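Here is the naming used below: chain letters follow the sequence lines, and residue numbers restart at 1 for every chain. Since we're looking at a predicted model, the values are computed, not measured. Computation of the quantities below employed the complete heavy-atom set of this structure, encompassing side-chain atoms and omitting hydrogens, waters and symmetry-equivalent molecules.
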Amino acid sequence: MSYDFNTIEAKWQAYWAENGTFKAENNSDKPKYYVLDMFPYPSGAGLHVGHPLGYIASDIYARYKRHKGFNVLHPQGYDSFGLPAEQYAIQTGQHPAITTKENIARYREQLDKIGFSFDWSREVKTSDPKFYKWTQWIFIQLFDSWYDNDADKARAINELEEVFSNEGNTTINAVCDEDVVTFSVEEWNDFSSLEKQEVLLKYRLTYLAETEVNWCPKLGTVLANDEIVNGVSERGGHPVIRKKMTQWSMRISAYAQRLLDGLTTIDWPQPLKDSQTNWIGRSQGASVTFNVKDHDEVIEVFTTRPDTIFGVSFMTLAPEHELVTKITTPEQKAEIEAYIEATAKRSERDRMADVKTISGVFTGAYAEHPFTKEPVPIWIGDYVLAGYGTGAVMAVPCGDQRDYDFAKHFGIEIPNIFDGVDISEEAFADKEKTIIANSDFLDGLNYKKAMKRAIYELEKIGQGKGKINYRLRDAVFSRQRYWGEPFPVYYVDGMPQMIDLQHLPIELPEVEKYLPTATGEPPLGRADVWAWCTETNKVVSNEKIDNTSVFPLELNTMPGWAGSSYYFNRYMDPNNDEVVFSKEAINYWKEVDLYIGGSEHATGHLLYARFWQKFLFDREIVPVDEFAKKLINQGMILGTSAIVYRISGTNTYVSKGLKDQYKNQIEELRVDVNMINASDELDPNDLRNWQPQFEDAEFELEDGKYIVGREVEKMSKRWFNVVNPDGVCEQYGADSLRLYEMFLGPLEQAKPWNTAGITGVHGFLKKLWKLYHNGEEFGVTDAEPSKDNLKTLHKTIKKVEEDIENFSFNTSVSTFMIAVNELTAQKCNARAILEPLLVLVSPYAPHIAEELWSKLGHNDSIATAAFPIFEEKHLVESSKQYPISFNGKMRFTMELPLDMSKEDIEAAVMAHEKTQQQLAGREPKKVIVVPGKIVNIVG
RNA sequence: GCUCAAGUGGCGGAAUUGGUAGACGCGCUGGAUUCAAAAUCCAGUUCUUUCGGGAGUGUGGGUUCGAUUCCCACCUUGAGUACCA
């Protein structure tokens, strides 16, 4: 009876689905374990072999934990709102709702073929109104909250109103917009309702404000900082410009310190923690105010080097700084305006690409040094960023290279305030070696002491204080797109109002025209949506709105990361229509125990999700403030592109080995890797039939063959190097695919896909199958296992358990191969060995395990079988291995009885050496025995 | 520029409280089986050698009886980040 994987796999996949084998209960006597994958964007291309890598790893771990007696939650769903889904729809000219539905069906079909143990009864889709009802609800909770710095947590907004009506806002220590004015109790009480709302908006955790945003004209939407890479959009690589727009924002900056602190409590990869730390960008220093001469204005700067305050010889403002127009002298006005205009025109990318050109203009105005009262010229320059700190710097050319270059370029003086340092060539920025000079009360102090003293003196004269600054900006939450969650918001007199939970979800209307607009008008703003507004108004108006007028709804939609910021909690109780999840469910599952996904989400999804979790924790909606205890980044599986070489201007293609003759006339073209065989050969006829452009292709062959070049790069449609898992499943089976993806290398590491080696693991499965059969018959008996059988089994149990706990799935595949080879050689057919072995293999190759399990006479799924226990007695026998070094040159280990003393060992070693040398006909060497420790206990 | 990670056969990769480097798989070589092929099985496969050995985990040093493993310097590759005051 041969191993018919296609039949077996279809059979057991159907069995699992019918019996709900992997359905998790929200209460159980067993301990809980929550294994989560980052849910996929259902893009049009379907899954390639790289996608399932992380899913296979998490599935192995989930199945292992079930064997270990845990109640395992292992759900899956789709991140189906957002730019990628919509861009795909636009490209194919279909409605995103349709393409999304089709793509999800395709994903599901592919996922089912791999035999994952997902609990599909808990599936979520972020674009499903049943799901985004709660995304909208959480948005409302954020709107109804403010951040109390004293309590260091978010609190309900009505508590803030109470504070205002009792104390005004002079005593409160809350996170708010910069432009909040102070008011007394009386003033607060005199405010109109509208004015009160306006003030509260400046404190809410999600707020509406006119801010400078990243506008991407090509995509027709604004983007958050993490959606921009190297100055262009992450999706599509389109240019991004700065633009002032009124947008919803999330006050994530309130959580900067806690997001940093939380990193020490979670088991996440260090590089990922590093990049979040970097993104949050905490820096400690001081804020210093400089009075502007002949003006009633002050310039606030942030500096990490208050110790160098006496080295200030000029100040630089960002061109966008609001004071620039106020303080510029009439003589400088024309030049300043020209400069501002020139910088505004430059895109983010141009500005970044060109960091070497030094540019700036003098405003004509002077500030006053806080201590020396000397005049300090005020310049503007685009090396100062409007978005960081206060958008202004005190320039200390002797201590900062950029200030130094700027000063040199414009001939500004460079006073030296460092003791014994030459600054004629470059600035001196080494904090550790700093000794301050020419600085009044700071003379002779080192960096640390000077820093403290400077802050103290600044505070004394009221012109500065110690300050911690963060790079992290509030996140823009509006998108001028169709395919996203509508906001649960309407406007009265221009002020945003929330729509009650009872009227949620506010469903996305079905529209004909959903394309983004060039001007930034949301697609929902078009005439065909008016009916939606009217309809929604009727629903939400109740008594508080005059039914005769239509109130405008918020027409932007939420960004892609909205739904993914809490979906892991929704899985715990995904079908609940009353609440986002029940208290029982969230208190039972609490948090994700193991989260597996790509590292590309480090400063996007994973940061936003931690932010929302902390917020939900503050408002007592969830019981823990970090949502994932342990996280693993699976490495990317890369494609191996195939390259053909065309002679420029011709239709002739030369084989790889001949291309050098043509030197510069060669053009490289990527062709479909699925046409290439294992020896990198391409059949010319395949290429001619592949695409019309190759129809008349001529070939220059080497040894009668056309050999292609190979290049390892990201798997992508545009390189024609995508390999689908479906083909592999058909040819070798899902179990082979699962084993092979694990066998390729360490989980965290990037590795190229190469089908060549899959015959190895496939051969293992065939051997495994044969081990349980005797010719055509099932061959497992109740025979007594031999000592060797037991030894093989128990060392396999030990190794596999260690491997799984350490997530080294690649080495346990080797362990299985060794075990099967050994047991085959031992002609083992004992049930006492082969039954536990099956449980070990089952997480990796579940289909074959189920089939053999049922042949062993079991009526239930192997998924619930107990993981076998490692018994040390089967490994320890009568000897140990002792490593021995001597003469300082040689070393080896000797296997010796357990009960030998140190002296006996030395004697034995010398006897061994003598025998060895005499056998070789040589004089024995002088032996110095260093008793080594016991390395290993082996059988 | 800065930060982090990694360099081991023809290839993917094993080997951690420092103890026989190259597990396991691919590929390759030879053999068995077969009319033949596929499949399967067995043996071999780091390099070098005058068959005694010798060299060997990116390079150069160091610690140690002993280093792929620990320390220092350098080289290379990959990833992230970048005018952050």
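Using a 4.0 Å heavy-atom distance criterion, A/Asp405 is classed as making no nucleic acid contact. Counting any heavy atom pair closer than 4.0 Å across all strands shown, A/Lys273 reaches no nucleic acid atom.
Across all strands shown, the partner of B/rG60 is B/rC72, judged by Watson-Crick or G-U wobble contacts whose two distances both fall under 3.5 Å. When both pairing distances are held under 3.5 Å, B/rG30 makes a Watson-Crick or G-U pair with B/rC42. Base-pair partner of B/rA37: not found among the strands shown (Watson-Crick or G-U wobble, both distances under 3.5 Å). Pairing for B/rC11 goes to B/rG25, judged as Watson-Crick or G-U wobble with the two contacts each under 3.5 Å. The pairing partner recorded for B/rG80 is B/rC2, the criterion being a Watson-Crick or G-U wobble arrangement whose two distances lie under 3.5 angstrom. Shown here, B/rG18 forms no base pair; nothing in the strands shown gives a Watson-Crick or G-U wobble contact with both key distances under 3.5 Å.
Whole-Å rounding puts the A/Trp279 CH2 to B/rC84 P distance at 15 Å. As a whole-Å value, the separation of A/Phe816 CZ from B/rA14 P is 17 Å. Following rounding to the nearest Å, A/Ile380 (CD1) and B/rA85 (C1') show an atom-to-atom distance of 17 Å. Here the P atom of nucleotide B/rC83 and the CH2 atom of A/Trp379 are 22 Å apart, to the nearest Å. Rounded to whole Å, the distance from NZ on A/Lys799 to C1' on B/rU16 is 13 Å. Whole-Å rounding puts the A/Glu802 CD to B/rU16 C1' distance at 12 Å. Computed from coordinates, the A/Glu748 CD to B/rG78 C1' distance equals 16 Å when rounded to whole Å. Taking atom CD of A/Gln401 as the reference point, atom P of B/rC84 lies 11 Å away to the nearest angstrom.
Between A/Phe406 and A/Phe410, the ring planes are tilted. Angles from 30° to 60° get that label. Between A/Phe809 and A/Tyr844, the angle of the ring planes goes over 60°, which puts this pair in the perpendicular group of the 30/60° scheme.
The gap from the P atom of B/rA55 to that of B/rG61 amounts to 15 Å, rounded to the nearest Å. Spacing between B/rC65 and B/rG80 at atom P, rounded to whole Å, works out to 45 Å. B/rA82 and B/rG60 have their C1' atoms separated by 33 Å, given to the nearest Å. Annotation: B/rU45 and B/rC70 have their P atoms spaced 30 Å apart (nearest Å). Using atom P as the reference point in both B/rC84 and B/rA14, the two lie 39 Å apart (nearest Å). For the C1' atoms, the distance linking B/rU16 with B/rC83 amounts to 43 Å, nearest Å. If you take atom P in B/rC11 and the same atom in B/rC28, they sit 15 Å apart, rounded to whole Å. With both ends at atom C1', the span from B/rU8 to B/rG12 equals 12 Å, rounded to whole Å.
OP1 or OP2 of B/rG25 sits under 4.0 Å from a side-chain N or O of A/Asn821. Between A/Tyr388 and B/rA85 there is a side-chain polar atom (N or O) within less than 4.0 angstrom of OP1 or OP2. A sub-4.0 Å separation between OP1 or OP2 of B/rA82 and a side-chain N or O of A/Arg471 is present. Distances shown here put a side-chain N or O of A/Arg402 below 4.0 Å from the OP1 or OP2 atom of B/rC84.
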Would you tabulate the nitrogen or oxygen pairs shorter than 3.5 Å linking the protein to nucleotides 3-13 of chain B?
| unit_1 | atom_1 | unit_2 | atom_2 | d |
| --- | --- | --- | --- | --- |
| B/rG12 | O2' | A/Leu744 | O | 2.7 |
| B/rG13 | OP1 | A/Gln749 | NE2 | 2.5 |

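Residue-to-nucleotide proximity on RNA chain B shows that, of A/Tyr740 and A/Asp403, the 5′-proximal contact is made by A/Tyr740. For A/Gly757 and A/Ser275, each mapped to the nucleotide of RNA chain B holding its nearest heavy atom, the one lying further toward the 5' end belongs to A/Gly757.
Ring centroids of A/Tyr732 and A/Tyr740 are separated by 6.0 Å or more, keeping the two rings apart.
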Decide side-chain contact (heavy atoms from CB on, under 4.5 Å) for A/Val298 and A/Gln463; before the verdict, give the C-alpha distance in whole Å, the side-chain angles of both, and the deciding distance to 0.1 Å.
CA-CA 10 Å; A/Val298 295; A/Gln463 282 196 260; over 6 Å; no
side-chain hydrogen bond (donor to acceptor under 3.5 Å, both in side chains) evaluation trace for A/Asp803 with A/Thr811:
CA-CA 7 Å; A/Asp803 285 344; A/Thr811 48; 3.3 Å; yes
Test A/Glu300 against A/Thr289 for side-chain hydrogen bond (donor to acceptor under 3.5 Å, both in side chains), laying out the working first.
CA-CA 4 Å; A/Glu300 191 190 344; A/Thr289 52; over 6 Å; no
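When atom types are taken as modelled, the side chain of A/Asn721 and the backbone of A/Lys714 share a donor-acceptor pair closer than 3.5 angstrom. No donor-acceptor pair under 3.5 Å is formed between the side chain of A/Glu822 and the backbone N or O of A/Thr792. The backbone N or O of A/Ala429 sits nowhere less than 3.5 Å from a side-chain atom of A/Asp400 that would complete a donor-acceptor pair.
Side-chain proximity of A/Asp382 to B/rC83, B/rU81, B/rA85: nearest is B/rC83. Side-chain proximity of A/Asn278 to B/rG25, B/rA85, B/rU81: nearest is B/rU81.
Donor-acceptor pairing under 3.5 Å is recorded for the side chains of A/Asp403 and A/Tyr383. Side-chain N/O atoms of A/Ser253 and A/Tyr470 include no donor and acceptor closer than 3.5 Å.
In textbook terms, a nucleotide whose glycosidic angle is within 90° of 0 is syn, and B/rG52 is one such case. Applying the 90° cutoff around 0 to the glycosidic angle, B/rG13 is assigned anti.
Taking a 4.0 Å limit (strictly below) on heavy-atom distances, residues 758-766 of chain A reaches RNA chain B at A/Thr759, A/Gly760, A/Lys766.
Every residue two or more places apart in sequence or in another chain was checked for a salt bridge (Lys or Arg N to Asp or Glu O under 4.0 Å) with A/Asp474, and none qualifies.
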